[in-house]
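Note sheet for the following structure.
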Amino acid sequence: MLSVDVRAALSARLPVVALESTIIAHGLPRPRNLRVAVELEELVRSAGAVPATVAVLDGRAHVGLDADQLERVAADPAVRKLGHRDLAPALAAGASGATTVSATAFLAARAGIGVFATGGLGGVHREWAADQDESADLRLLARTGITVVCAGVKSILDVPATLQRLETLGVGVLGYRTGHFPGFYLSSSGHPVDWTAHSPEDVVEVMRAKDALGGPRSALIVANPVPESEQLDPALHDRVLAEALEACRAQGVSGQGVTPFLLDQLMRRTGGASLEANLAAVRGNVRLAARVAVAAAAR
Ligand code: PSU
Ligand code: MN
C-alpha cells in the first residue's frame, strides 16, 4: 500500500527515498527511536524528496507511513523484525513488523522507488564457518534493482567476507568520496573499494549505465563513510566489539536476535558513543540518498 504522498510523488516522477524501519524498531533505543524516525523523514523532505518509510502493519505492507503509523513502529513492542522471507507469513497472519534492508528493498523496488537509505547492510557474520549466519540482505540485493546508500556493513560482521560475497553475487559497490569501504561506526574499514563516486551526479551516471546495460537486476551500493569527526574512537571500537562478540557467544544468542543484541551491547559498552556514530552515519546516508534521488529525477 502506497501512502498518498508517495503515490503522488511517484506518478509525478518526483524524487522519493525509501527508508527501512528495523533500525527504528529494533536498532535504536526508545523513545529516541521515534525522534530519529521523524528526523530522517524531515532530512529527506528538506533535500527536496519524499520519504517512504516501509513497514508491515496489521498484515498490510506500507510504503510511506503517516505520523501515527511511524509512532506505532517505534513504540509497539509487538512489532516484529521482518526480512524478505517473512513478508508472506506476516501478511497472511495479519501481523505487524519492521522491515529489514531485504524486505524494504524488495517492497520499495516493487513500488517503483529507485533509491533507498539505511545505516549499515546486513552481511556475513564472523562465525559463518560454524553457523552459516549470513544476512538475507545480500542475496535479495543481488536480484533487486535499487540504489542503496549505506555506511558499509556493521563492524560486528566479517567485513572482508561480506565484500567478497557482494563480489560473488555481482552487487556493485561505489565508495562515496573514498577509496575504502566504510566501517559503519568508523570512517574506514581498511578494505579498498574498486570504484569511487564524487558527487550525486556521478552516482546517477552509474545508475544510468547500469540500466542501459540491462541484464539481470541487481542493487548498486553507495558506501558513504561517517565523517571522521563523528566516528567512534577506533581503539574503543575494537575493545568493546570483542567484548560484545564474547557476550553474544556466552549467552547463546542466535538467528534474528544476533544483530539487535550486538548493537545494544556496543551502545551500552561505549556509554552511548556508538549510538551517536550510528546516527551520524544514518543521517549522512539519508541526506546523500535524497541528493541522489533529486539528481536522478532531474534527468
Ligand atoms: N543497521 C543498523 N541497525 C539495524 C540494522 C542495520 O544500524 O538495526 C538492521 C537492518 O534492517 C538490516 C538488519 O537489514 O539489521 C540485518 O539483520 P540480519 O543480520 O538479521 O539479517
Ligand atoms: Mn542472521
Side-chain angles (χ1 to χ4, degrees), residues 18-30 32-33 36-37 40 53-56 73-74 79-87 97-108 116-128 130-142 144 146 148-159 161-162 165-166 171 182-186 219 221 223-226 230-232 237 241 244-245 248 253-267 270 273-286 289:
L19 302 170
E20 61 142 317
S21 49
T22 292
I23 178 171
I24 302 303
H26 305 290
L28 299 170
R30 298 185 184 112
R32 180 126 183 231
N33 61 345
V36 172
L40 297 180
T53 303
V54 175
V56 174
V73 169
V79 167
R80 298 176 54 144
K81 173 176 165 182
L82 306 176
H84 168 249
R85 72 167 185 165
D86 303 308
L87 288 172
T99 50
T100 67
V101 168
S102 70
T104 307
F106 172 78
L107 291 169
F116 167 25
T118 182
L121 304 179
V124 179
H125 284 257
R126 290 168 187 244
E127 299 291 305
W128 189 89
D131 58 19
Q132 274 91 63
D133 188 351
E134 172 180 341
S135 178
D137 293 353
L138 301 185
R139 275 158 206 266
L140 191 283
L141 292 177
T144 304
I146 196 161
V148 186
V149 182
C150 64
V153 301
K154 277 153 290 172
S155 46
I156 57 176
L157 300 168
D158 185 335
V159 176
T162 302
R165 184 76 84 244
L166 288 168
V171 178
F184 191 64
Y185 300 113
L186 306 179
I221 293 175
N224 182 36
V226 65
E230 294 182 274
Q231 74 173 347
L232 191 59
H237 171 269
L241 178 59
L245 290 166
C248 190
V253 181
S254 67
Q256 274 196 330
V258 170
T259 297
F261 177 86
L262 289 172
L263 292 176
D264 181 64
Q265 284 283 317
L266 282 183
M267 193 187 74
T270 59
S274 74
L275 177 61
E276 298 311 320
N278 183 341
L279 291 176
V282 176
R283 287 189 194 104
N285 296 341
V286 169

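Nothing here was measured: the structure is a model prediction, and the numbers come from that model. Every number for a ligand or one of its atoms is a count from 1 in the order of the listing. Worth knowing before you read on, the calculation uses all heavy atoms, side chains too, and leaves out hydrogens, waters and symmetry mates.
Inclusion of Leu121 in the set of residues having an N or O under 3.5 Å from an N or O of ligand 1 is not warranted. Checked by distance only, ligand 1 and Thr99 stay at 3.5 Å or farther apart across all their nitrogen or oxygen atoms. For ligand 1, the polar-atom distance check finds an N/O of Glu20 within less than 3.5 Å of one of the ligand's N/O atoms. The N/O atoms of Asp137, backbone and side chain alike, include one that comes under 3.5 Å of an N/O atom in ligand 1.
Within 6.0 Å of CZ in Arg283 there are more than 12 heavy atoms belonging to other residues, nucleotides or ligands. The 12-atom threshold is exceeded at CZ of Arg30, counting heavy atoms of other residues, nucleotides or ligands nearer than 6.0 Å.
Not a single donor-acceptor pair under 3.5 Å links the side chain of His125 to the backbone N or O of Thr259. Formation of a donor-acceptor pair under 3.5 Å by the Asn33 side chain with backbone atoms of Ala25 is not found in this model.
Contact of the Val159 side chain with the Phe184 side chain is not registered, since no non-hydrogen atoms from C-beta on lie closer than 4.5 Å. Taking the side chain as every heavy atom from C-beta outward, Thr118 and Asn285 never approach each other to under 4.5 Å. For the pair Leu232/Leu186, a side-chain contact is recorded, criterion being any heavy-atom separation below 4.5 Å from C-beta on. Using a 4.5 Å cut-off on side-chain heavy atoms (C-beta onward), Leu138 and Val124 make contact.
Of the protein's non-hydrogen atoms, Thr259 OG1, 2.9 Å is the one closest to atom 19 (O) of ligand 1. Looking only at protein heavy atoms, the nearest one to atom 20 (O) of ligand 1 is Lys81 NZ, 2.8 Å. Nearest protein neighbour of atom 21 (O) of ligand 1, counting heavy atoms only, is Ser135 OG, 2.7 Å. Closest to atom 1 (N) of ligand 1, if we only count protein heavy atoms, is Gly120 O, 3.2 Å. Looking only at heavy atoms of the protein, atom 7 (O) of ligand 1 is closest to Phe184 CZ, 3.1 Å.
When non-hydrogen atoms are compared, ligand 1 lies under 4.0 Å from neither the backbone nor the side chain of Thr118. In Val101, the parts holding a heavy atom less than 4.0 Å from any atom of ligand 1 are both the side chain and the backbone. Contact annotation for Thr100 and ligand 1: heavy atoms of both the backbone and the side chain come within less than 4.0 Å of the ligand.
Distances from ligand 1 to the non-hydrogen atoms of Gly83 include no value under 4.0 Å.
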message = Using the rule given for side chain to side chain contact (heavy atoms under 4.5 Å, CB included), can you reason through Leu241 versus Arg126, listing the C-alpha separation, both sets of side-chain angles and the distance that settles it, and then say yes or no?
response = CA-CA 12 Å; Leu241 178 59; Arg126 290 168 187 244; 3.3 Å; yes
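Summarising the geometry of Thr100 relative to Gly83, their closest heavy-atom pair is OG1-CA, 3.4 Å, with the distance given to 0.1 Å.
The closest heavy-atom contact to atom 13 (C) of ligand 1, among the options Gln256, Lys154, His26, comes from Lys154.
Listed by number with element, the atoms of ligand 1 under 4.0 angstrom from any heavy atom of Leu263 are 3 (N), 4 (C), 8 (O). Interface atoms of ligand 1 facing His125, defined by a heavy-atom separation under 4.0 Å, are 19 (O). Listed by atom number, the atoms of ligand 1 under 4.0 Å from Thr22 heavy atoms are 9 (C), 11 (O).
Using a 4.0 Å cut-off between charged nitrogen and carboxylate oxygen, Arg32 and Glu276 count as a salt-bridge pair.
Restricting Asp133 to its N/O/S atoms, the shortest distance to the Mn ion (ligand 2) is reached by OD1.
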